[in-house]
Amino acid sequence: MVVTSTHESVTETFSSYDRKSELMAFDDSKAGVQELVENGVEKVPRMFYCDHSHDYGFVSASNSKISIPIIDLTGIHDDPNLRDGVVGKVRYACEKWGFFQVINHGIPTHVLDEMIKGTRMFHQQDAEVRKEYYTRDFSRKVAYLSNYTLYEDPSADWRDTIAFSLAPDHPKAEEFPAVCRDIVIEYSKKTMVLAYALFELLSEALGLDKFHLKEKGCAEGLLLLCNYYPACPEPALTMGNKEHSDGDIMTILLQDQMGGLQVLHDSQWICVPPMHGALVVNIGDLLQLMSNDKFISVQHRVLANDQGPRISVASFFRTAISKVFGPIKELVCEDHPPVYREISLKDYMAHRYASGSGTSALLHFKL
């Protein structure tokens with residue numbers, strides 16, 4: 001990304017600026033960034049200004065040979081030789097990139113398209129209907145909000161989210177917004193099946209029994225985040241989703257054709273180009289911890305865009321909140337002692353939310 005003179009206006013200080021009041025007024029509106037766009041905003045409010053002064057280089061996948069691995073899952077359940085080849089590709093991707101795309105994964109393309117459509121329909125419906133779901137009560141199984149760590153982060157992201165906590169306890173049918181209820185339920189069931197298959201491949205890539213991660217409860221929790229990035233009038237001033245790593249075990253991401261997702265690899269931002277029918281998979285902080293740094297959880301971000309909206313659906317897989325876990329004992333030896341102490345998901349998330357969304361909590365739990 002090229003840093004322009006707009007950075008000067010971002011970092012300029014105004015003694016009269018009351019950030020807390022702006023955040024509260026935005027949050028109290030209960031209609032997110034989309035309401036700003038619906039009201040014809042022409043200038044990005046200052047609460048969204050993002051400091052790009054520490055940006056890295058940028059490489060577009062369209063003009064570079066560098067891109068995240070693409071893995072074809074055809075035949076993994078039927079052909080042992082094909083499966084061994086896929087396990088090797090998964091191992092390479094998780095050790096060197098932390099990201100890969102999967103094709104021929106078993107979820108029909110029409111289901112993916114309907115999930116994107118359902119997300120769009122929720123976020124584009126009347127603001128008064130959206131507001132019924134707006135909350136910062138994270139115990140709610142269905143929650144509409146803008147920016148999980150709005151009050152902790154130095155800048156807000158140009159993004160709204162409808163979140164569904166789907167496992168271990170499923171919401172009641174009446175808790176789902178009617179406009180996307182059926183497709184969220186269908187998509188999540190199919191994604192869970194894919195997650196089980198991926199956890200088997202990840203287990204084998206770590207040299208473990210294929211059921212190891214599944215039996216560890218890695219898919220006990222499922223949080224579905226349906227993200228909506230409205231067109232931004234001044235995209236150079238803000239981010240759709242600032243630099244961060246995922247605080248889960250594994251994420252499966254569905255993205256539309258708008259683009260904007262970037263992965264940090266070898267100190268360069270690499271675009272992850274949308275592939276219709278493909279899904280993006282990435283390693284979360286908790287799997288890096290469990291694998292004792294064998295697999296990596298890497299920083300990634302989403303650029304703001306003056307075109308839009310961009311839509312993505314992220315499935316976050318994690319353990320039960322009270323379960324204690326640490327580096328897998330089979331991966332620890334005298335030459336490779338444990339790097340992290342044992343923690344619970346509850347402890348991890350508490351530290352992560354207190355630190356803001358852009359900060360990995362892994363360093364805090366190192367021995």
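All of these numbers come straight from a predicted model, not from anything done at the bench.
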Sub-4.5 Å side-chain heavy-atom contact between Leu194 and Leu279: yes

N/O donor-acceptor pair under 3.5 Å between Thr319 side chain and Lys323 backbone: no

Below 3.5 Å, can you tabulate the donor-acceptor pairs from side chains in residues 250-258 to any protein atom, sequence neighbours excluded?
unit_1 : atom_1 : unit_2 : atom_2 : d
Thr251 : OG1    : Asp246 : OD2    : 2.8
Thr251 : OG1    : Asp248 : OD1    : 3.3
Thr251 : OG1    : Asp248 : OD2    : 2.7
Gln255 : OE1    : Arg310 : NH2    : 3.0
Gln255 : NE2    : Val272 : O      : 3.4
Asp256 : OD1    : Met258 : N      : 3.0
Asp256 : OD2    : Ile311 : N      : 2.9

Main-chain N/O of Arg159 paired to Asp157 side chain as donor or acceptor, under 3.5 Å: no

Side-chain heavy atoms of Leu222 within contact of Phe316, under 4.5 Å: no

Ring centroid separation Phe164 to His170 under 6.0 Å: no

Ring centroid separation Tyr92 to Phe100 under 6.0 Å: no

Heavy-atom closest contact (Met349 atom, Gly247 atom, distance): SD-O, 3.6 Å

Check against side-chain hydrogen bond (donor to acceptor under 3.5 Å, both in side chains), Asp285 and Tyr348: CA-CA 10 Å; Asp285 288 354; Tyr348 177 88; 2.3 Å; yes

Salt bridge (charged side-chain N to carboxylate O under 4.0 Å, His left out) involving Glu128 - partner list, sequence neighbours excluded: Lys131

Lys96 atom NZ, neighbour heavy-atom count above 12 within 6.0 Å: no

Test side-chain contact (heavy atoms from CB on, under 4.5 Å) applied to Arg136 and Asp27, step by step: CA-CA 9 Å; Arg136 292 204 174 272; Asp27 204 23; 2.9 Å; yes

Within 45° cone of Tyr17 ring axis and under 6.0 Å: Arg46 NZ or CZ: yes

May I have the list of side-chain donor-acceptor pairs in residues 196-208 shorter than 3.5 Å, sequence neighbours left out?
unit_1 : atom_1 : unit_2 : atom_2 : d
Glu200 : OE1    : Arg83  : NH2    : 3.4
Ser203 : OG     : Phe199 : O      : 2.9
Ser203 : OG     : Leu213 : N      : 3.1
Glu204 : OE2    : Arg83  : NE     : 2.9
Glu204 : OE2    : Arg83  : NH2    : 2.5

Tyr134/Tyr144 aromatic ring centres below 6.0 Å: yes

Salt bridge flag under 4.0 Å for residues Arg130 and Glu38: yes

pair Phe295-Gln288: side-chain heavy atoms closer than 4.5 Å: no

Ring center gap for Phe48 and Phe26 short of 6.0 angstrom: yes

Close aromatic pair by centroid cut-off 6.0 Å: Phe365 and His351: yes

